[in-house]
Amino acid sequence: NEEELFLCMFTRKGIIKRTELEQYRNLRKSGIIAINLDEGDELAWVWLTDGEDDILVATRNGMSIRFNETDCRPIGRTARGVKAIELKEGDEVIGMCVIAKGQDDSKKILTVSETGLGRLSEHSEYRLQSRAGKGVINYHIEKYGLVTSVIMVDAEDDVILISSDGIIIRIPSSQISTVSRTSKGVRVMKLSEGEKVV
């Protein structure tokens with residue numbers, strides 16, 4: 001069912017590009033252009049969607065926005081894309097999730113800070129908005145540190161965390177508390193002075 005699927009691409013600078021999957025059918029050995037990037041930007045995530053999914057985009061400075069993928073019309077393979085979220089100076093996208101239509105509550109949004117704090121939140125905590133807005137606060141960085149990652153997990157998943165000193169730990173996601181979107185969460189990784197979760 002290639003005709004019904006889309007590739008959603010996201011860049012660090014908050015650009016989203018949505019293209020029909022079938023446009024990538026005829027590949028050459030040398031490859032083909034998937035997206036044109038602005039100088040200083042980079043492609044960071046690519047997800048397969050079915051045309052009716054919601055998209056959650058989160059930033060390092062603790063902002064997030066949820067919008068339906070239909071807010072972003074499909075465009076050609078070599079195009080640049082459009083703005084997913086309005087970023088403040090110095091901010092960048094550090095995570096994105098696809099929330100499927102009719103998504104059950106078994107999957108939750110995991111937010112992890114550079115200071116080793118983490119929390120799970122229900123995806124219903126993130127209200128639907130229009131694409132390209134400033135979004136809502138996902139995390140209070142002034143109190144708890146910059147955000148290092150935002151992903152979707154379920155109770156069966158394990159989470160691997162890596163520190164700037166090269167230490168790696170693995171914990172079940174079920175050990176992380178489910179709390180509100182504005183909470184700091186719990187300690188998920190102990191860090192030495194000057195160390196951070198990367």
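This structure is a prediction, so every number in the text was calculated from the model and none was measured.
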(request) Indicate yes or no for a side-chain donor-acceptor contact from Ser121 to the backbone of Ile109 under 3.5 Å, with no hydrogens or angles considered. (result) no
(request) Kindly indicate whether the side chain of Asp105, heavy atoms from C-beta on, has any atom under 4.5 Å from the side chain of His123. (result) yes
(message) Is there a continuous path of hydrophobic side-chain contacts, each under 4.5 Å between heavy atoms, that joins Trp45 to Met152?
(response) no
(request) Taking Asp154 for its side chain and Ser106 for its backbone only, find out whether a donor-acceptor pair lies under 3.5 Å. (result) no
(message) Could you measure the distance from the CG atom of Asp53 to the SG atom of Cys8? Nearest 0.5 Å is fine.
(response) 8.0 Å
(request) Indicate yes or no: at least one non-hydrogen side-chain atom of Asn138 is less than 4.5 angstrom from one of Arg181. (result) yes
(request) Find out whether Leu110 and Val150 are in side-chain contact, i.e. whether some heavy atom of one side chain is under 4.5 Å from a heavy atom of the other. (result) no
(message) Between Ile65 and Lys134, is there a side-chain heavy-atom distance shorter than 4.5 Å?
(response) no
(message) Quick one: does any side-chain atom of Thr11 pair with a main-chain N or O of Ile15 as donor and acceptor, under 3.5 Å?
(response) yes
(message) I'd like to check the ring-ring contact (aromatic ring centres under 6.0 Å, His included) partners of Tyr126; sequence neighbours left out, ordered by chain and number.
(response) none
(message) Let me confirm one number: the CG-CG distance from Leu48 to Leu21, rounded to the nearest 0.5 Å.
(response) 6.0 Å
(message) Is there a side-chain contact between Ile55 and Arg66 in this structure, where contact means two heavy atoms from C-beta onward sitting under 4.5 Å apart?
(response) no
(request) Quick one: list whatever passes side-chain contact (heavy atoms from CB on, under 4.5 Å) with Arg73, sequence neighbours left out. (result) Ile75
(request) Considering non-hydrogen atoms only, spot the tightest contact between Ala84 and Val57 and give its length. (result) CB-CG2, 4.4 Å
Counting only pairs under 3.5 Å, give me each side-chain donor-acceptor contact of residues 86-98, with atom names and distances, residues two or more places apart or in other chains.
from, atom 1, to, atom 2, distance (Å)
Glu86, OE1, Lys83, NZ, 3.0
Asp91, OD1, Thr59, OG1, 3.4
Asp91, OD1, Arg60, N, 3.3
Asp91, OD1, Asn61, N, 2.9
Asp91, OD2, Thr59, OG1, 2.7
Glu92, OE2, Arg60, NE, 3.2
Glu92, OE2, Arg60, NH2, 3.1

(message) When you compare the side chain of Lys17 with that of Phe10, does any pair of heavy atoms fall below 4.5 Å?
(response) no
(message) If you apply the rule side-chain contact (heavy atoms from CB on, under 4.5 Å), what do you find for Asp54 with Glu69, and how did you get there?
(response) CA-CA 6 Å; Asp54 285 352; Glu69 67 173 293; over 6 Å; no
(request) State plainly whether one hydrophobic cluster holds both Val136 and Ile85, where clusters connect Ile, Leu, Val, Met, Phe, Trp and Tyr through side-chain heavy atoms under 4.5 angstrom apart. (result) no
(message) Using side-chain heavy atoms (C-beta onward) and a distance below 4.5 Å, is Pro74 in contact with Phe6?
(response) yes
(request) Step by step, work out the side-chain contact (heavy atoms from CB on, under 4.5 Å) result for Tyr139 and Leu146. (result) CA-CA 8 Å; Tyr139 206 68; Leu146 296 172; over 6 Å; no
(message) A quick test of your reading: do over 12 heavy atoms of other residues, nucleotides or ligands sit less than 6.0 Å from CG of Asp104?
(response) yes
(request) Identify the heavy atoms of Leu56 and Ser64 that sit nearest to each other, and give their distance. (result) CD1-CB, 4.3 Å
(message) Between Gln129 and Phe67 (side chain of the first, backbone of the second, donor and acceptor by atom type, cut-off under 3.5 Å), is there such a pair?
(response) no
(request) Can you tell me which residue pairs pass the side-chain hydrogen bond (donor to acceptor under 3.5 Å, both in side chains) test with a partner in residues 167-178, sequence neighbours excluded? (result) Asp158-Arg170
(message) For a side chain to side chain donor-acceptor pair (under 3.5 Å) check, start with the C-alpha distance between Thr148 and Glu114, then their side-chain angles and the critical distance, and finish with the verdict.
(response) CA-CA 5 Å; Thr148 193; Glu114 289 183 346; 5.1 Å; no
(message) Using every non-hydrogen atom in the two residues, find where Asn36 and Ile33 come nearest and quote the distance to one decimal.
(response) OD1-CG2, 4.3 Å
(message) Apply the hydrophobic cluster definition, ILVMFWY joined by side-chain contacts under 4.5 Å directly or through others, and give me every member besides Ile137.
(response) Met63
(request) Report yes if some heavy atom in the side chain of Ile35 is under 4.5 Å from a heavy atom in the side chain of Leu37; otherwise report no. (result) yes
(message) Taking side-chain contact (heavy atoms from CB on, under 4.5 Å) as the definition, give me every residue that meets it alongside Ile169, ordered by chain and number, with sequence neighbours left out.
(response) Leu161, Ile171, Met189
(message) Using the rule that Ile, Leu, Val, Met, Phe, Trp and Tyr join whenever any side-chain heavy atoms are under 4.5 Å apart, tell me whether Leu7 and Leu27 fall into a single cluster.
(response) yes
(message) Taking Leu191 as the starting point, is it possible to reach Val186 by hopping between hydrophobic residues whose side chains are less than 4.5 Å apart?
(response) yes
(message) Per the salt bridge (Lys or Arg N to Asp or Glu O under 4.0 Å) rule, what does the pair list look like for residues 119-130, sequence neighbours excluded?
(response) Lys108-Glu122
(message) Please enumerate all residues that pass side chain to side chain donor-acceptor pair (under 3.5 Å) together with Lys143, with sequence neighbours excluded.
(response) none
(message) Between Ser113 (side chain only) and Thr115 (backbone N and O only), is there a donor and an acceptor less than 3.5 Å apart?
(response) yes
(message) Test your reading of the model: is there a side-chain donor-acceptor pair from Asp41 to the backbone of Lys13, 3.5 Å cut-off?
(response) yes
(request) Answer with yes or no whether the hydrophobic clustering places Ile151 together with Leu120; edges join I, L, V, M, F, W, Y residues whose side-chain heavy atoms lie under 4.5 Å apart. (result) yes
(message) I need the full list of salt bridge (Lys or Arg N to Asp or Glu O under 4.0 Å) pairs touching residues 160-169, with sequence neighbours left out, sorted by first then second residue.
(response) none
(request) Taking all non-hydrogen atoms of both residues into account, name the closest pair between Leu5 and Asp50 and its distance. (result) CD2-CA, 4.1 Å
(message) The criterion is side-chain contact (heavy atoms from CB on, under 4.5 Å); which residues satisfy it with Ala34, sequence neighbours excluded?
(response) Met9, Tyr24
(message) Applying salt bridge (Lys or Arg N to Asp or Glu O under 4.0 Å), can you list everything that pairs with Asp38, at least two apart in sequence or on another chain?
(response) Arg80
(request) Please identify each residue that fulfils side-chain contact (heavy atoms from CB on, under 4.5 Å) with Val198, with sequence neighbours left out. (result) Ile162, Ser164, Lys196
